[in-house]
*Asks:* 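I have a structure I would like to understand better, so I am pasting it below and will then ask my questions one at a time.
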Protein chains: 2
Amino acid sequence: MKIERLSAKAEDYLETILRLSETPRGARTGDIAEALDVQPSTVSAALKSLKDQGLLDYSPYGAVGLTPKGRQVAEDVSGRHVALRRFFTETLGLAQEDAEVTACGMEHDVTPLVLDRMALLGDFLRNHPGMAEKWSAVRATAKGERAPGVESGLHELPQGVRGVVMAVDVDGSLRKRLVEMGVTPGVLIAVERVAPLGDPIAVEVRGYRLSMRKAEASKIRVKWRPGLI
Amino acid sequence: MKIERLSAKAEDYLETILRLSETPRGARTGDIAEALDVQPSTVSAALKSLKDQGLLDYSPYGAVGLTPKGRQVAEDVSGRHVALRRFFTETLGLAQEDAEVTACGMEHDVTPLVLDRMALLGDFLRNHPGMAEKWSAVRATAKGERAPGVESGLHELPQGVRGVVMAVDVDGSLRKRLVEMGVTPGVLIAVERVAPLGDPIAVEVRGYRLSMRKAEASKIRVKWRPGLI
DNA sequence: TCGAATTGTTGGAGACTTCAAACAATATCA
DNA sequence: TGATATTGTTTGAAGTCTCCAACAATTCGA
Ligand SMILES: [Mn+2]
Ligand SMILES: [Mn+2]
Ligand SMILES: [Mn+2]
Ligand SMILES: [Mn+2]
(Lines give C-alpha, C1' and ligand atoms only; values in the text may rest on other atoms or scores of the structure.)
(Ligands and ions follow the chains in the order given, each with its own letter.)
Protein backbone atom coordinates (compact mmCIF):
# COMPACT_ATOMS: atom_id res chain seq x y z
CA MET A 1 0.00 0.00 0.00
CA LYS A 2 1.46 3.31 -1.11
CA ILE A 3 1.46 6.00 1.51
CA GLU A 4 2.40 8.80 -0.90
CA ARG A 5 1.42 11.95 0.90
CA LEU A 6 -1.01 13.88 -1.24
CA SER A 7 -0.24 17.54 -1.84
CA ALA A 8 -2.14 20.16 0.11
CA LYS A 9 -3.94 21.17 -3.07
CA ALA A 10 -5.01 17.62 -3.84
CA GLU A 11 -6.36 17.32 -0.30
CA ASP A 12 -8.30 20.53 -0.73
CA TYR A 13 -9.88 19.30 -3.96
CA LEU A 14 -10.97 16.07 -2.29
CA GLU A 15 -12.29 17.86 0.76
CA THR A 16 -14.28 20.26 -1.40
CA ILE A 17 -15.65 17.48 -3.56
CA LEU A 18 -16.77 15.59 -0.47
CA ARG A 19 -18.61 18.60 0.84
CA LEU A 20 -20.28 19.40 -2.48
CA SER A 21 -21.18 15.74 -3.05
CA GLU A 22 -23.44 15.97 -0.05
CA THR A 23 -25.57 18.68 -1.63
CA PRO A 24 -28.44 17.96 -4.02
CA ARG A 25 -26.51 19.68 -6.82
CA GLY A 26 -23.57 17.35 -6.38
CA ALA A 27 -19.98 18.32 -7.06
CA ARG A 28 -19.75 20.29 -10.27
CA THR A 29 -16.67 21.71 -11.94
CA GLY A 30 -17.86 25.29 -11.65
CA ASP A 31 -18.76 24.96 -8.00
CA ILE A 32 -15.43 23.39 -7.15
CA ALA A 33 -13.68 26.21 -9.00
CA GLU A 34 -15.67 28.79 -7.11
CA ALA A 35 -15.06 27.14 -3.75
CA LEU A 36 -11.31 26.93 -4.28
CA ASP A 37 -11.02 30.26 -6.08
CA VAL A 38 -9.45 28.89 -9.26
CA GLN A 39 -10.54 28.77 -12.88
CA PRO A 40 -12.72 25.91 -14.16
CA SER A 41 -9.94 24.79 -16.48
CA THR A 42 -7.73 24.28 -13.46
CA VAL A 43 -10.37 22.08 -11.92
CA SER A 44 -10.60 20.00 -15.09
CA ALA A 45 -6.90 19.31 -14.89
CA ALA A 46 -7.12 18.46 -11.22
CA LEU A 47 -10.04 16.09 -11.75
CA LYS A 48 -8.11 14.20 -14.39
CA SER A 49 -5.09 13.89 -12.14
CA LEU A 50 -7.12 12.74 -9.14
CA LYS A 51 -8.94 10.23 -11.30
CA ASP A 52 -5.60 8.85 -12.49
CA GLN A 53 -4.64 8.38 -8.85
CA GLY A 54 -7.76 6.33 -8.25
CA LEU A 55 -9.35 8.89 -5.99
CA LEU A 56 -12.27 9.97 -8.16
CA ASP A 57 -14.93 8.39 -10.34
CA TYR A 58 -15.32 10.78 -13.19
CA SER A 59 -15.68 11.07 -16.94
CA PRO A 60 -15.65 14.34 -18.89
CA TYR A 61 -18.92 16.26 -18.61
CA GLY A 62 -20.10 13.64 -16.16
CA ALA A 63 -20.77 13.68 -12.45
CA VAL A 64 -17.82 13.79 -10.05
CA GLY A 65 -17.77 11.21 -7.29
CA LEU A 66 -15.26 9.94 -4.78
CA THR A 67 -13.93 6.40 -4.90
CA PRO A 68 -13.80 4.59 -1.54
CA LYS A 69 -10.13 5.48 -1.32
CA GLY A 70 -10.80 9.09 -2.25
CA ARG A 71 -13.62 9.31 0.25
CA GLN A 72 -11.39 8.00 2.98
CA VAL A 73 -8.78 10.67 2.30
CA ALA A 74 -11.44 13.37 2.01
CA GLU A 75 -13.03 12.42 5.31
CA ASP A 76 -9.66 12.40 6.98
CA VAL A 77 -8.84 15.89 5.71
CA SER A 78 -12.26 17.12 6.64
CA GLY A 79 -11.84 15.68 10.12
CA ARG A 80 -8.60 17.58 10.60
CA HIS A 81 -10.24 20.74 9.30
CA VAL A 82 -13.17 20.44 11.67
CA ALA A 83 -11.02 19.57 14.68
CA LEU A 84 -8.78 22.57 14.09
CA ARG A 85 -11.69 24.91 13.51
CA ARG A 86 -13.30 23.71 16.69
CA PHE A 87 -10.15 24.36 18.68
CA PHE A 88 -9.81 27.83 17.18
CA THR A 89 -13.40 28.85 17.81
CA GLU A 90 -14.33 27.03 21.01
CA THR A 91 -11.02 27.06 22.83
CA LEU A 92 -9.10 30.01 21.42
CA GLY A 93 -12.26 32.05 20.91
CA LEU A 94 -11.62 33.05 17.31
CA ALA A 95 -14.26 34.27 14.91
CA GLN A 96 -15.69 31.60 12.60
CA GLU A 97 -14.17 33.04 9.47
CA ASP A 98 -10.65 33.44 10.87
CA ALA A 99 -10.88 29.92 12.23
CA GLU A 100 -12.08 28.58 8.90
CA VAL A 101 -9.28 30.08 6.85
CA THR A 102 -6.51 29.19 9.25
CA ALA A 103 -7.82 25.67 9.77
CA CYS A 104 -7.88 25.03 6.03
CA GLY A 105 -4.29 26.21 5.78
CA MET A 106 -2.95 24.21 8.70
CA GLU A 107 -4.99 21.04 8.22
CA HIS A 108 -2.41 19.63 5.80
CA ASP A 109 0.41 19.52 8.30
CA VAL A 110 -1.24 18.93 11.64
CA THR A 111 -0.73 15.49 13.16
CA PRO A 112 -3.27 13.33 14.96
CA LEU A 113 -1.36 13.73 18.21
CA VAL A 114 -1.60 17.50 18.05
CA LEU A 115 -5.32 17.30 17.32
CA ASP A 116 -5.83 14.93 20.24
CA ARG A 117 -4.05 17.25 22.60
CA MET A 118 -6.00 20.25 21.38
CA ALA A 119 -9.27 18.44 21.97
CA LEU A 120 -8.08 17.25 25.37
CA LEU A 121 -7.12 20.78 26.35
CA GLY A 122 -10.48 22.14 25.26
CA ASP A 123 -12.33 19.52 27.28
CA PHE A 124 -10.07 20.13 30.25
CA LEU A 125 -10.89 23.84 30.29
CA ARG A 126 -14.60 23.29 29.83
CA ASN A 127 -14.81 20.61 32.48
CA HIS A 128 -13.18 22.66 35.21
CA PRO A 129 -15.76 24.73 36.97
CA GLY A 130 -15.07 28.41 36.58
CA MET A 131 -12.08 27.90 34.30
CA ALA A 132 -13.89 28.46 31.04
CA GLU A 133 -15.32 31.71 32.36
CA LYS A 134 -11.96 32.93 33.56
CA TRP A 135 -10.28 32.02 30.31
CA SER A 136 -12.99 33.79 28.41
CA ALA A 137 -12.45 36.84 30.60
CA VAL A 138 -8.71 36.75 29.96
CA ARG A 139 -9.34 36.71 26.22
CA ALA A 140 -11.81 39.53 26.38
CA THR A 141 -9.44 41.56 28.50
CA ALA A 142 -6.55 40.96 26.14
CA LYS A 143 -8.70 42.20 23.31
CA GLY A 144 -9.48 45.34 25.25
CA GLU A 145 -13.09 44.33 25.53
CA ARG A 146 -15.18 44.48 28.64
CA ALA A 147 -14.32 41.59 30.88
CA PRO A 148 -17.08 39.85 32.75
CA GLY A 149 -16.96 40.65 36.44
CA VAL A 150 -14.63 37.88 37.40
CA GLU A 151 -13.33 37.81 40.95
CA SER A 152 -10.43 35.80 42.19
CA GLY A 153 -7.47 35.83 44.51
CA LEU A 154 -4.75 38.23 43.43
CA HIS A 155 -2.53 35.26 42.62
CA GLU A 156 -4.93 34.35 39.82
CA LEU A 157 -5.06 37.80 38.25
CA PRO A 158 -3.45 37.36 34.81
CA GLN A 159 -0.39 39.41 34.05
CA GLY A 160 -1.37 42.43 32.04
CA VAL A 161 -4.82 42.71 33.60
CA ARG A 162 -5.70 45.21 36.31
CA GLY A 163 -7.81 44.38 39.28
CA VAL A 164 -9.63 46.27 41.99
CA VAL A 165 -9.01 45.09 45.53
CA MET A 166 -12.26 43.92 47.06
CA ALA A 167 -11.09 42.53 50.38
CA VAL A 168 -7.99 41.55 52.28
CA ASP A 169 -8.92 38.31 54.01
CA VAL A 170 -6.21 38.17 56.64
CA ASP A 171 -5.65 39.36 60.17
CA GLY A 172 -2.76 40.27 62.36
CA SER A 173 0.62 41.47 61.25
CA LEU A 174 0.22 40.43 57.63
CA ARG A 175 -2.90 42.55 57.33
CA LYS A 176 -1.13 45.47 58.91
CA ARG A 177 1.74 45.10 56.52
CA LEU A 178 -0.54 44.95 53.50
CA VAL A 179 -2.48 48.00 54.65
CA GLU A 180 0.78 49.86 55.17
CA MET A 181 1.75 48.98 51.64
CA GLY A 182 -1.47 50.55 50.46
CA VAL A 183 -3.36 47.37 49.64
CA THR A 184 -6.84 48.46 50.69
CA PRO A 185 -10.29 47.86 49.21
CA GLY A 186 -10.95 49.93 46.11
CA VAL A 187 -7.33 50.36 45.05
CA LEU A 188 -6.14 49.34 41.59
CA ILE A 189 -3.64 46.53 41.54
CA ALA A 190 -1.76 44.49 38.96
CA VAL A 191 0.64 41.57 38.81
CA GLU A 192 3.89 42.80 37.33
CA ARG A 193 5.89 39.67 37.07
CA VAL A 194 5.80 36.09 38.27
CA ALA A 195 9.15 34.61 39.27
CA PRO A 196 10.19 31.60 37.18
CA LEU A 197 9.24 29.25 39.97
CA GLY A 198 6.03 31.13 40.58
CA ASP A 199 6.85 32.45 44.02
CA PRO A 200 7.20 35.29 44.90
CA ILE A 201 5.26 37.60 42.62
CA ALA A 202 5.79 41.30 41.97
CA VAL A 203 2.73 43.45 42.37
CA GLU A 204 2.09 47.06 41.48
CA VAL A 205 -0.07 49.22 43.72
CA ARG A 206 -0.37 53.00 43.80
CA GLY A 207 2.68 53.31 41.56
CA TYR A 208 4.85 51.20 43.84
CA ARG A 209 6.12 47.72 43.20
CA LEU A 210 5.76 45.24 46.01
CA SER A 211 6.87 41.66 46.26
CA MET A 212 4.78 39.10 48.04
CA ARG A 213 4.43 35.38 48.31
CA LYS A 214 1.77 33.62 46.36
CA ALA A 215 0.17 32.44 49.62
CA GLU A 216 -0.16 36.05 50.70
CA ALA A 217 -1.51 37.17 47.34
CA SER A 218 -4.17 34.50 47.47
CA LYS A 219 -5.66 36.23 50.51
CA ILE A 220 -6.32 39.38 48.52
CA ARG A 221 -9.64 39.25 46.64
CA VAL A 222 -9.66 41.24 43.44
CA LYS A 223 -12.21 42.01 40.76
CA TRP A 224 -10.86 41.96 37.23
CA ARG A 225 -10.97 45.21 35.32
CA PRO A 226 -11.58 45.47 31.58
CA GLY A 227 -8.71 46.63 29.39
CA LEU A 228 -5.06 45.92 29.52
CA ILE A 229 -2.65 47.85 31.72
CA MET B 1 5.04 47.94 -1.76
CA LYS B 2 4.16 44.48 -2.94
CA ILE B 3 2.75 42.19 -0.30
CA GLU B 4 3.01 39.07 -2.46
CA ARG B 5 2.81 36.23 -0.02
CA LEU B 6 5.99 34.18 -0.28
CA SER B 7 5.56 30.47 -0.80
CA ALA B 8 6.06 28.12 2.12
CA LYS B 9 9.26 26.86 0.52
CA ALA B 10 10.66 30.35 0.08
CA GLU B 11 9.93 31.06 3.72
CA ASP B 12 11.70 27.88 4.74
CA TYR B 13 14.79 28.84 2.75
CA LEU B 14 14.91 32.26 4.38
CA GLU B 15 14.36 30.83 7.84
CA THR B 16 17.13 28.29 7.35
CA ILE B 17 19.52 30.89 5.97
CA LEU B 18 18.87 33.11 8.97
CA ARG B 19 19.64 30.30 11.35
CA LEU B 20 22.81 29.23 9.55
CA SER B 21 23.96 32.85 9.18
CA GLU B 22 24.27 33.01 12.92
CA THR B 23 26.84 30.22 13.01
CA PRO B 24 30.57 30.80 12.46
CA ARG B 25 30.39 28.75 9.26
CA GLY B 26 27.73 31.00 7.80
CA ALA B 27 25.01 29.85 5.42
CA ARG B 28 26.49 27.55 2.81
CA THR B 29 24.73 25.87 -0.09
CA GLY B 30 25.48 22.40 1.15
CA ASP B 31 24.33 23.11 4.66
CA ILE B 32 21.10 24.64 3.45
CA ALA B 33 20.54 21.59 1.24
CA GLU B 34 21.14 19.28 4.16
CA ALA B 35 18.88 21.24 6.48
CA LEU B 36 16.00 21.26 4.02
CA ASP B 37 16.63 17.77 2.71
CA VAL B 38 17.03 18.75 -0.94
CA GLN B 39 19.89 18.55 -3.42
CA PRO B 40 22.47 21.34 -3.62
CA SER B 41 21.38 22.14 -7.16
CA THR B 42 17.92 22.85 -5.86
CA VAL B 43 19.38 25.29 -3.37
CA SER B 44 21.31 27.06 -6.13
CA ALA B 45 18.08 27.63 -8.01
CA ALA B 46 16.32 28.85 -4.89
CA LEU B 47 19.14 31.25 -4.04
CA LYS B 48 18.97 32.82 -7.47
CA SER B 49 15.22 33.25 -7.23
CA LEU B 50 15.37 34.75 -3.74
CA LYS B 51 18.12 37.10 -4.85
CA ASP B 52 15.96 38.24 -7.77
CA GLN B 53 13.23 39.03 -5.26
CA GLY B 54 15.60 41.23 -3.31
CA LEU B 55 15.68 38.97 -0.29
CA LEU B 56 19.29 37.78 -0.45
CA ASP B 57 22.74 39.22 -1.04
CA TYR B 58 24.51 36.57 -2.99
CA SER B 59 26.78 35.90 -5.94
CA PRO B 60 27.71 32.45 -7.27
CA TYR B 61 30.28 30.69 -5.10
CA GLY B 62 30.04 33.57 -2.67
CA ALA B 63 28.63 33.95 0.81
CA VAL B 64 24.88 33.98 1.29
CA GLY B 65 23.44 36.82 3.34
CA LEU B 66 20.02 38.25 3.97
CA THR B 67 19.05 41.72 2.79
CA PRO B 68 17.20 43.84 5.35
CA LYS B 69 13.95 42.87 3.67
CA GLY B 70 14.94 39.20 3.63
CA ARG B 71 15.97 39.32 7.25
CA GLN B 72 12.67 40.82 8.21
CA VAL B 73 10.76 38.01 6.51
CA ALA B 74 13.10 35.40 7.98
CA GLU B 75 12.70 36.71 11.49
CA ASP B 76 8.96 36.79 11.09
CA VAL B 77 8.85 33.18 9.93
CA SER B 78 11.22 32.15 12.68
CA GLY B 79 9.05 33.90 15.24
CA ARG B 80 6.00 31.97 14.09
CA HIS B 81 8.00 28.74 14.17
CA VAL B 82 9.22 29.36 17.72
CA ALA B 83 5.83 30.45 19.00
CA LEU B 84 4.15 27.34 17.60
CA ARG B 85 6.87 25.06 18.91
CA ARG B 86 6.56 26.61 22.32
CA PHE B 87 2.83 26.05 22.35
CA PHE B 88 3.26 22.45 21.26
CA THR B 89 5.94 21.60 23.81
CA GLU B 90 5.05 23.75 26.80
CA THR B 91 1.30 23.80 26.57
CA LEU B 92 0.33 20.68 24.65
CA GLY B 93 3.24 18.71 26.11
CA LEU B 94 4.56 17.34 22.84
CA ALA B 95 8.05 15.94 22.35
CA GLN B 96 10.56 18.41 20.93
CA GLU B 97 10.90 16.63 17.62
CA ASP B 98 7.17 16.27 16.96
CA ALA B 99 6.73 19.91 17.89
CA GLU B 100 9.56 20.94 15.60
CA VAL B 101 8.24 19.17 12.53
CA THR B 102 4.64 20.21 12.98
CA ALA B 103 5.58 23.81 13.77
CA CYS B 104 7.62 24.07 10.60
CA GLY B 105 4.69 22.77 8.59
CA MET B 106 2.05 25.00 10.13
CA GLU B 107 4.12 28.17 10.51
CA HIS B 108 3.28 29.26 6.96
CA ASP B 109 -0.44 29.54 7.52
CA VAL B 110 -0.82 30.50 11.17
CA THR B 111 -1.96 34.07 11.82
CA PRO B 112 -0.69 36.47 14.48
CA LEU B 113 -4.05 36.34 16.23
CA VAL B 114 -3.87 32.58 16.60
CA LEU B 115 -0.33 32.80 17.94
CA ASP B 116 -1.38 35.48 20.43
CA ARG B 117 -4.21 33.35 21.70
CA MET B 118 -2.00 30.29 22.00
CA ALA B 119 0.52 32.25 24.06
CA LEU B 120 -2.25 33.75 26.16
CA LEU B 121 -3.70 30.31 26.83
CA GLY B 122 -0.31 28.92 27.84
CA ASP B 123 0.28 31.78 30.26
CA PHE B 124 -3.23 31.42 31.62
CA LEU B 125 -2.67 27.77 32.46
CA ARG B 126 0.75 28.35 33.97
CA ASN B 127 -0.40 31.31 36.06
CA HIS B 128 -3.25 29.48 37.69
CA PRO B 129 -2.02 27.66 40.73
CA GLY B 130 -2.54 23.94 40.40
CA MET B 131 -3.88 24.14 36.86
CA ALA B 132 -0.62 23.32 35.13
CA GLU B 133 -0.19 20.25 37.30
CA LYS B 134 -3.71 19.05 36.66
CA TRP B 135 -3.41 19.61 32.95
CA SER B 136 -0.15 17.75 32.95
CA ALA B 137 -1.84 14.91 34.81
CA VAL B 138 -4.67 14.81 32.29
CA ARG B 139 -2.16 14.53 29.46
CA ALA B 140 -0.21 11.80 31.17
CA THR B 141 -3.39 9.92 31.90
CA ALA B 142 -4.59 10.20 28.32
CA LYS B 143 -1.29 8.76 27.19
CA GLY B 144 -1.74 5.86 29.55
CA GLU B 145 1.23 7.00 31.58
CA ARG B 146 1.37 7.24 35.31
CA ALA B 147 -0.41 10.35 36.46
CA PRO B 148 1.07 12.37 39.29
CA GLY B 149 -0.93 11.94 42.47
CA VAL B 150 -3.34 14.75 41.89
CA GLU B 151 -6.23 15.14 44.28
CA SER B 152 -9.33 17.19 43.68
CA GLY B 153 -13.04 17.32 44.14
CA LEU B 154 -14.91 14.75 42.06
CA HIS B 155 -16.33 17.61 39.97
CA GLU B 156 -12.81 18.29 38.69
CA LEU B 157 -11.98 14.71 37.75
CA PRO B 158 -11.58 14.80 33.97
CA GLN B 159 -13.89 12.63 31.92
CA GLY B 160 -12.09 9.46 30.97
CA VAL B 161 -9.94 9.40 34.10
CA ARG B 162 -10.64 7.17 37.07
CA GLY B 163 -10.34 8.35 40.63
CA VAL B 164 -10.21 6.74 44.05
CA VAL B 165 -12.51 8.22 46.65
CA MET B 166 -10.48 9.60 49.53
CA ALA B 167 -13.14 11.27 51.64
CA VAL B 168 -16.75 12.35 51.58
CA ASP B 169 -16.75 15.75 53.23
CA VAL B 170 -20.42 16.07 54.08
CA ASP B 171 -22.74 15.20 56.89
CA GLY B 172 -26.38 14.44 57.37
CA SER B 173 -28.76 13.06 54.81
CA LEU B 174 -26.52 13.78 51.83
CA ARG B 175 -23.73 11.71 53.39
CA LYS B 176 -26.14 8.92 54.08
CA ARG B 177 -27.40 9.01 50.52
CA LEU B 178 -23.88 8.89 49.12
CA VAL B 179 -22.88 6.01 51.35
CA GLU B 180 -25.99 4.13 50.31
CA MET B 181 -24.99 4.68 46.69
CA GLY B 182 -21.64 3.07 47.48
CA VAL B 183 -19.55 6.21 47.47
CA THR B 184 -17.11 5.30 50.26
CA PRO B 185 -13.39 5.83 50.69
CA GLY B 186 -11.29 3.48 48.56
CA VAL B 187 -13.86 2.88 45.87
CA LEU B 188 -13.09 3.56 42.19
CA ILE B 189 -15.13 6.31 40.63
CA ALA B 190 -15.38 8.06 37.28
CA VAL B 191 -17.26 10.90 35.67
CA GLU B 192 -19.35 9.50 32.83
CA ARG B 193 -20.83 12.56 31.32
CA VAL B 194 -21.29 16.21 32.09
CA ALA B 195 -24.61 17.72 31.09
CA PRO B 196 -24.36 20.50 28.52
CA LEU B 197 -24.88 23.14 31.14
CA GLY B 198 -22.52 21.38 33.52
CA ASP B 199 -25.02 20.34 36.13
CA PRO B 200 -25.85 17.58 36.96
CA ILE B 201 -23.07 15.13 36.20
CA ALA B 202 -23.32 11.38 35.69
CA VAL B 203 -20.95 9.32 37.81
CA GLU B 204 -20.04 5.67 37.68
CA VAL B 205 -19.39 3.75 40.90
CA ARG B 206 -19.28 0.00 41.46
CA GLY B 207 -20.77 -0.55 38.03
CA TYR B 208 -23.74 1.69 38.66
CA ARG B 209 -24.41 5.09 37.16
CA LEU B 210 -25.45 7.82 39.54
CA SER B 211 -26.44 11.37 38.86
CA MET B 212 -25.48 14.14 41.23
CA ARG B 213 -25.21 17.86 41.31
CA LYS B 214 -21.87 19.49 40.84
CA ALA B 215 -22.15 20.99 44.33
CA GLU B 216 -22.49 17.50 45.75
CA ALA B 217 -19.66 16.12 43.65
CA SER B 218 -17.36 18.84 44.88
CA LYS B 219 -17.68 17.43 48.39
CA ILE B 220 -16.19 14.11 47.34
CA ARG B 221 -12.41 14.16 47.40
CA VAL B 222 -10.77 11.87 44.84
CA LYS B 223 -7.25 10.92 43.93
CA TRP B 224 -6.61 10.59 40.21
CA ARG B 225 -5.61 7.19 38.94
CA PRO B 226 -3.19 6.58 36.07
CA GLY B 227 -4.59 5.18 32.84
CA LEU B 228 -7.79 5.78 31.03
CA ILE B 229 -11.02 4.07 31.87
C1' DT C 1 52.40 25.13 -5.50
C1' DC C 2 49.65 21.91 -7.86
C1' DG C 3 46.71 17.99 -8.28
C1' DA C 4 42.83 15.82 -6.04
C1' DA C 5 38.86 16.16 -3.22
C1' DT C 6 35.17 18.93 -2.01
C1' DT C 7 31.80 22.18 -2.91
C1' DG C 8 28.72 24.73 -5.85
C1' DT C 9 26.53 25.90 -10.44
C1' DT C 10 24.39 25.03 -14.99
C1' DG C 11 21.53 22.76 -18.15
C1' DG C 12 18.01 19.74 -19.15
C1' DA C 13 14.00 17.61 -17.63
C1' DG C 14 9.69 16.24 -15.22
C1' DA C 15 5.77 16.84 -11.88
C1' DC C 16 2.44 20.10 -10.28
C1' DT C 17 -0.48 24.04 -10.30
C1' DT C 18 -2.28 27.65 -12.46
C1' DC C 19 -4.21 30.75 -16.29
C1' DA C 20 -6.36 32.48 -20.88
C1' DA C 21 -8.28 31.44 -25.13
C1' DA C 22 -10.41 28.44 -28.14
C1' DC C 23 -13.45 24.90 -28.52
C1' DA C 24 -17.14 21.27 -27.29
C1' DA C 25 -21.02 19.56 -24.81
C1' DT C 26 -25.12 20.33 -22.28
C1' DA C 27 -29.08 22.89 -20.67
C1' DT C 28 -32.63 26.22 -21.35
C1' DC C 29 -36.23 28.59 -23.46
C1' DA C 30 -38.95 30.35 -27.11
C1' DT D 1 -37.18 21.32 -31.76
C1' DG D 2 -33.70 24.62 -32.72
C1' DA D 3 -31.10 28.65 -31.34
C1' DT D 4 -28.79 30.48 -27.60
C1' DA D 5 -26.80 30.57 -23.07
C1' DT D 6 -24.31 28.08 -19.82
C1' DT D 7 -21.07 24.90 -18.46
C1' DG D 8 -16.94 22.17 -19.02
C1' DT D 9 -12.70 20.63 -21.61
C1' DT D 10 -8.54 21.07 -24.29
C1' DT D 11 -4.52 23.40 -25.59
C1' DG D 12 -0.56 26.07 -24.93
C1' DA D 13 2.08 28.50 -21.82
C1' DA D 14 4.02 30.12 -17.47
C1' DG D 15 5.95 29.74 -12.65
C1' DT D 16 7.62 26.80 -8.92
C1' DC D 17 10.12 23.09 -7.09
C1' DT D 18 12.61 19.33 -7.64
C1' DC D 19 16.15 15.93 -9.54
C1' DC D 20 20.41 14.13 -12.13
C1' DA D 21 24.45 14.63 -14.82
C1' DA D 22 27.94 17.43 -16.35
C1' DC D 23 30.83 21.03 -15.44
C1' DA D 24 33.32 24.84 -12.77
C1' DA D 25 35.30 26.90 -8.76
C1' DT D 26 37.34 26.51 -4.43
C1' DT D 27 39.81 24.27 -0.80
C1' DC D 28 43.16 21.23 1.07
C1' DG D 29 47.16 18.17 1.41
C1' DA D 30 51.35 16.52 -0.07
MN1 LIG E 1 -6.86 23.14 3.12
MN1 LIG F 1 -10.08 22.41 4.70
MN1 LIG G 1 8.36 25.64 7.44
MN1 LIG H 1 10.28 26.61 10.40
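Just so you know, these numbers use all the heavy atoms, side chains as well, and skip hydrogens, waters and symmetry mates. Just so we're on the same page: letters track the sequence lines, and every chain starts at 1.
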*Asks:* Starting at CG of L55(B) and ending at C1' of dT16(D), how long is that distance when rounded to a whole Å?
*Replies:* 15 Å
*Asks:* How many whole angstroms separate atom CG of D52(A) from atom P of dC16(C)?
*Replies:* 10 Å
*Asks:* Taking CG in D52(B) as the centre, count heavy atoms belonging to other residues, nucleotides or ligands within less than 6.0 Å. Is the count above 12?
*Replies:* yes
*Asks:* May I have the distance from D37(B) (atom CG) to dT18(D) (atom P), rounded to whole angstrom?
*Replies:* 10 Å
*Asks:* Classify the nucleic acid contact of S49(B) as base, sugar-phosphate or nothing, counting any heavy atom under 4.0 Å across all strands shown.
*Replies:* nothing
*Asks:* In whole angstrom, give the distance that lies between atom CD1 of I32(A) and atom P of dT17(C).
*Replies:* 15 Å
*Asks:* I'd like to know if R80(A) pairs up with D76(A) as an ion pair, taking the criterion as any Lys NZ or Arg NE/NH1/NH2 lying under 4.0 Å from an Asp or Glu carboxylate oxygen.
*Replies:* yes
*Asks:* Would you kindly give the CG-to-P distance between L36(B) and dT18(D), to the nearest whole Å?
*Replies:* 8 Å
*Asks:* Let me know the distance between CG of L6(B) and P of dT16(D), rounded to the nearest Å.
*Replies:* 11 Å
*Asks:* Salt-bridge test for R28(A) and E34(A): reply yes if a basic N is under 4.0 Å from a carboxylate O, no otherwise.
*Replies:* no
*Asks:* Quick one: do D123(A) and R126(A) make a salt bridge, cutoff under 4.0 Å?
*Replies:* yes
*Asks:* What integer distance in Å separates Y13(A):OH from dC16(C):P?
*Replies:* 13 Å
*Asks:* Taking 4.0 angstrom as the limit, do E15(A) and R19(A) come out as a salt bridge?
*Replies:* no
*Asks:* Could you list all N or O pairs between the protein and nucleotides 8-14 of chain D that sit under 3.5 Å apart?
*Replies:*
from	atom 1	to	atom 2	distance (Å)
dG8(D)	OP1	R28(A)	NE	3.3
dG8(D)	OP2	G30(A)	N	2.9
dT9(D)	OP1	Y58(A)	OH	2.4
dT9(D)	OP1	Y61(A)	N	3.3
dT9(D)	OP2	T29(A)	OG1	3.1
dT9(D)	OP2	S44(A)	OG	2.6
dT9(D)	O5'	S44(A)	OG	3.3
dT9(D)	O4'	Y61(A)	OH	3.3

*Asks:* CG of L50(A) versus P of dC16(C): gap in Å, rounded?
*Replies:* 10 Å
*Asks:* What is the minimum heavy-atom distance between I189(B) and L157(B), and which atoms define it?
*Replies:* O-CD2, 3.8 Å
